[in-house]
Amino acid sequence: MRKFSASVTVGAAVLLSIVWVAPGAVADEETTVDVVANATPADVAAAVDVPLLGAGESAIAIDRLEVEVSSEAAHGVSISAGEGTATIGLPFAGEANAGVSTEPGTVTYDNGNATSSVVLLHESGSVQIAAVIDSADAPIRYDYPLDLPEASSIVLRDGGAAVIDDATGEVLGSFAAPWAKDATGKGVPTRYELNGETLTQIVEHDSSFAYPVVADPTYTTSVIYLSRAQVVSMYNGLKGLNGVCSAFPIPWPASIACAGLAPGAQIEKAYWQKLRIKVTYFNCGFNYCSYTTYTAVR
């Protein structure tokens, strides 16, 4: 099994994008990733400039939040959440061929049923999952089975969904309310349904809409906990922190530049008192007002 692993400290957003393409709409020379780029060019442009699934395993460090994607669609996409990992399954994964990386930062799975799933790993730590469907008769239901961290659950909330720590009620991550629009920008009715730990996006497309139709909910990890071993590693690298990394809270661009290291006081406190570090990602929807905080906790 070939895997890509990214190590991230702040939060990550997972975008589940659904793209329908009418028969004949895709030229022979276009790849599936090109189709996604036509629908959401900024998202494809934001993909990391790293070939995935090349020779054996690949790894890159964005920050300290772990993101993993495999050549096997059945393994889904995994991302850190709380003290564990949340895995988001892919639609039709059981029928999909092995994933291939035709463009840097992307993996494409041919589902063998006139649909494909495209995973894009973004420089910001976000992950986009796009489904490209070659027929207007394609399904309207796309299932994303979830394997959540121990002692957590998912609930529908505010039109979206949230992953909750069962013991504390803390939100570990959330799916924003879904949206969908056709090629002219016309809104397409869409919603989530939840059955156990399977989140399903329903997009009620039909011939009255212009294809392709794009649906794009977003998943954001809100909280992760760094282990004692990670704290020790960060403490050992403390002398490499520059002045901006001692700011609190760290603005989003600076948190990337600081290579995932938390403010010095919190590192030292966690190191000497044998604590962990809680990383909380505040996402306002824009880089300039999003930031990350770090707190030493038991």
Side-chain angles (χ1 to χ4, degrees), residues 5-18 62-70 74-91 93 117 119-122 124-131 141-179 190-202 215-227 230 252 276-285 290-295 297-298:
S5 178
S7 190
V8 187
T9 299
V10 289
V14 177
L15 306 117
L16 311 178
S17 301
I18 299 176
I62 301 175
D63 282 322
R64 291 185 180 271
L65 187 149
E66 300 292 331
V67 181
E68 192 172 276
V69 62
S70 169
H75 291 193
V77 179
S78 297
I79 186 168
S80 298
E83 297 184 54
T85 300
T87 299
I88 303 172
L90 303 176
S117 299
V119 174
L120 300 96
L121 304 183
H122 292 171
S124 65
S126 67
V127 181
Q128 182 173 10
I129 304 173
R141 301 178 61 91
Y142 288 80
D143 294 336
Y144 296 91
L146 306 174
D147 185 4
L148 301 175
E150 185 176 354
S152 67
S153 56
I154 185 167
V155 297
L156 295 178
R157 174 179 292 182
D158 299 328
V163 178
I164 306 294
D165 183 300
D166 293 335
T168 65
E170 183 175 45
V171 177
L172 304 180
S174 59
F175 289 90
W179 60 264
T190 186
R191 68 185 186 279
Y192 284 144
E193 291 183 356
L194 185 62
N195 182 11
E197 291 191 350
T198 296
L199 186 66
T200 301
Q201 184 176 11
I202 311 297
D216 198 358
T218 301
Y219 174 82
T220 300
T221 293
S222 302
V223 174
I224 64 171
Y225 292 87
L226 304 182
S227 69
Q230 290 172 300
W252 182 87
R276 301 172 301 157
I277 288 181
K278 176 182 177 180
V279 183
T280 306
Y281 179 65
F282 296 90
N283 182 9
C284 69
S290 295
Y291 62 94
T292 306
T293 63
Y294 302 84
T295 309
V297 298
R298 294 194 180 279

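- Here OG1 of Thr190 is found 3.5 Å from CD of Gln201. Values are rounded to the nearest 0.5 Å.
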| said: Go through it in stages, so that I can follow the logic: the residues are Val163 and Val171, the test is side chain to side chain contact (heavy atoms under 4.5 Å, CB included), and I'd like the CA-CA distance, side-chain angles, deciding distance and then a yes or no. | reply: CA-CA 6 Å; Val163 178; Val171 177; over 6 Å; no
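- Here the OG1 atom belonging to Thr87 is positioned 11.0 Å from the CD atom belonging to Glu197, to the nearest 0.5 angstrom.
- When side chains are defined from C-beta on, Val297 does not count as touching Ile277, because their heavy atoms never get closer than 4.5 Å.
- Put simply, the side chain of Ile154 reaches to within 4.5 Å of the side chain of Phe175, judged on heavy atoms.
- Every residue meeting the salt bridge (charged side-chain N to carboxylate O under 4.0 Å, His left out) condition with Glu193, not counting sequence neighbours, appears here in chain and number order: Arg141, Arg191.
- With a 4.5 Å cut-off on side-chain heavy atoms, Val223 and Glu170 count as touching.
- Taking the charged nitrogens against the carboxylate oxygens, Glu83 and Lys278 have no contact shorter than 4.0 Å, which rules out a salt bridge.
- In this structure, the separation between OG1 on Thr85 and CD on Glu68 is 8.0 Å, given to the nearest 0.5 Å.
- For Thr280, there are no side chain to side chain donor-acceptor pair (under 3.5 Å) partners, not counting sequence neighbours.
- The shortest distance between side-chain heavy atoms of Pro91 and Tyr142 falls below 4.5 Å.
- Counting only heavy atoms from C-beta outward, the side chains of Pro145 and Thr198 approach each other to under 4.5 Å.
- Checking Leu148, Leu146, Leu199 one by one against Ile88, the side-chain contact (heavy atoms from CB on, under 4.5 Å) holds for a single residue, Leu146.
- Sequence neighbours left out, not one pair with a member in residues 151-169 passes salt bridge (charged side-chain N to carboxylate O under 4.0 Å, His left out).
- Within the 4.5 Å cutoff, the side chain of Thr200 has no heavy atoms near those of the Asn195 side chain.
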